[in-house]
Amino acid sequence: MSGVVRRAPELPAWPQYSDEERDGLIRALEQGQWWRMGGSEVDSFEREFAVYHGADYALAVTNGTHALELALQVLGVGPGTEVIVPAFTFISSSQAAQRLGAVAVPVDVDLDTYCIDPEAAAAAVTPRTKAIMPVHMAGQVSDMDALAKLSADTGVPLIQDAAHAHGAQWQGRKVGELGSVAAFSFQNGKLMTAGEGGAVTFPDSGLHEAAFLRHSCGRPRTDRRYFHQTSGSNFRLNEFSASVLRAQLGRLAGQIDTREQRWPVLASALATIPGVVPQGRDERCDRNPHYMAMFRLPGFSEQRRNAFVDALVERGLPAFAAFRAIYRSDGFWETGAPDESVDDIAKRCPNTEALSADGVWLHHRTLLGTEEQMHEVAAVVADTLAAQ
């Protein structure tokens with residue numbers, strides 16, 4: 001019947017929870033100690049999260065932005081230093097460095113994977129560079145081979161922004177096995193969540209212990225006389241959040257399996273729609289948790305893309321505009337900005353410019369639907385595009 005608007009299928013809700021979360025919350029409540037220094041939930045979660053990601057150590061913190069800030073601080077980032085970040089990312093990647101007094105230096109990304117371009121990162125290294133921050137965009141792991149070589153050649157450490165990459169693997173190695181610090185987020189939309197929360201994984205005990213001190217106001221675990229050994233802040237996670245995250249971690253692998261099965265179906269269907277280009281995949285990323293189902297509409301202006309996203313939402317899809325280039329937000333320029341203009345940065349970040357204007361993403365709960373629903377989602381995209 002003409003004039004009928006195709007609606008999206010009823011997709012799974014997010015967050016997902018069950019009796020495991022309820023039991024965990026009651027367990028945390030009844031232990032009588034709700035602070036990490038007296039309870040057992042945070043300690044248990046850190047051990048379990050570290051093991052799952054192949055890391056020697058993990059530290060749970062209040063949120064993903066604090067995870068980045070803490071990780072950067074223990075790597076020596078501060079006033080007078082620079083941190084190389086992808087220009088296409090959520091702004092926490094740059095703000096974590098800027099909050100420490102460092103300069104965030106945006107570089108371009110690959111137009112297929114949307115991850116940091118190692119050659120662009122290499123070109124941005126200076127004697128002041130203290131860290132390089134690859135962001136594993138939508139679960140696609142950055143080119144960690146090229147970045148590890150860059151790190152070895154320059155002596156500049158990597159810090160992985162793994163806010164989208166819980167459970168990801170690169171050539172069979174988990175994020176915690178790649179030899180560098182990694183920061184995770186448990187914000188409400190993430191692949192596992194307690195509403196808020198974060199974690200940092202470490203390859204050695206020295207960095208872990210330094211981070212523990214700074215996340216607890218510089219106070220050692222056993223201190224009873226207020227001997228604060230370093231400066232710091234209170235980034236401690238509470239016992240209730242940790243109990244929820246333990247349950248969330250328990251179902252993560254199964255959810256990743258489902259999304260890995262559904263993305264090829266959805267991506268193939270999207271690729272048949274004229275004008276739609278799904279995010280590519282570097283096959284060395286042999287386990288992608290798919291935080292987002294991302295695609296481009298090359299040639300679209302930002303305004304036209306935004307209208308398209310609004311139309312998808314009206315039809316029932318959990319759709320979003322892609323991240324704005326970090327240097328095109330006022331907040332980027334408030335402190336710790338490079339000595340360049342917006343236009344200067346834009347000229348060397350053409351791929352970021354394109355993605356900021358024509359990128360679209362669907363929430364990862366889309367990929368928890370059935371195989372048939374993947375075809376229905378693609379049909380909604382096609383119909384909406386045709387109506388633009």
Side-chain angles (χ1 to χ4, degrees), residues 48-58 64 67-68 71 75 84-86 88-90 93 107-122 131-154 156-186 190-192 198-204 207 249 252-264 267 278-294 351 364 367:
E48 293 159 6
F49 192 80
V51 168
Y52 185 84
H53 288 89
D56 291 330
Y57 303 92
L68 288 169
L75 291 177
I84 295 171
V85 299
F88 181 70
T89 183
F90 185 68
S93 303
V107 300
D108 209 4
V109 297
D110 180 84
L111 198 54
D112 185 43
T113 65
Y114 312 164
C115 294
I116 193 169
D117 179 348
E119 291 186 4
I132 300 168
M133 184 189 294
V135 176
H136 302 323
M137 182 56 60
Q140 165 63 57
V141 178
S142 302
D143 186 347
M144 293 302 289
D145 290 354
L147 291 164
K149 183 179 186 305
L150 174 60
S151 178
D153 290 347
T154 60
V156 177
L158 303 176
I159 168 175
Q160 303 174 67
D161 183 337
H164 301 175
H166 313 69
Q169 290 184 179
W170 177 260
Q171 298 191 101
R173 292 180 295 162
K174 301 174 182 178
V175 169
E177 296 175 310
L178 296 175
S180 52
V181 174
F184 298 81
S185 171
F186 307 128
K190 295 301 188 293
L191 294 162
M192 49 180 287
V200 189
T201 58
F202 301 94
D204 65 71
L207 288 173
L249 182 62
L252 177 63
Q255 291 171 335
I256 294 175
D257 289 344
T258 299
R259 287 190 293 265
E260 280 277 61
Q261 293 165 9
R262 299 293 182 262
W263 170 245
Q279 181 186 20
R281 178 164 181 165
D282 187 326
E283 292 303 322
R284 291 173 295 177
C285 176
D286 45 25
R287 188 161 174 81
N288 183 335
H290 299 288
Y291 171 60
M292 301 166 172
M294 300 191 77
N351 296 340
H364 62 81
L367 297 176

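We use all heavy atoms of the structure for the numbers below, so side chains are in, but hydrogens, waters and symmetry mates are not.
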dist D108:CG -> N351:CG (nearest 0.5 Å) comes out at 4.5 Å
Might you work through the salt bridge (charged side-chain N to carboxylate O under 4.0 Å, His left out) test for D286 and R281, ending with a clear yes or no?
CA-CA 9 Å; D286 45 25; R281 178 164 181 165; over 6 Å; no
Classify the ring geometry of H166 against F186: parallel below 30°, tilted from 30° to 60°, perpendicular beyond 60°. tilted
*Check for a donor-acceptor pair, side chain of S142 on one end and backbone N or O of V135 on the other, with a separation under 3.5 Å.*
yes
Counting only heavy atoms not in Q261 (residues, nucleotides, ligands), do more than 12 fall under 6.0 Å from its CD? yes
Do side-chain atoms of Q279 reach the backbone of T113 as a donor and acceptor pair under 3.5 angstrom?
yes
*Between Y291 and H136, does the ring centre distance come in under 6.0 Å?*
no
| message | A side-chain contact here means heavy atoms from C-beta on lying under 4.5 Å apart; do N288 and W263 qualify? | response | no
Taken in chain and number order and not counting sequence neighbours, the residues that satisfy side chain to side chain donor-acceptor pair (under 3.5 Å) with H164 are none
Any heavy-atom pair between the side chains of D110 and C115 that's under 4.5 Å? no
Nearest heavy-atom contact between A168 and G139 is CB-O, 4.1 Å
*Is any side-chain heavy atom of Y57 less than 4.5 Å from a side-chain heavy atom of L207?*
no
**Asked** Quick one: are H364 and H290 in side-chain contact, heavy atoms under 4.5 Å?
**Response** no
In this structure, CG of L178 is separated from CG of D145 (nearest 0.5 Å) by 9.0 Å
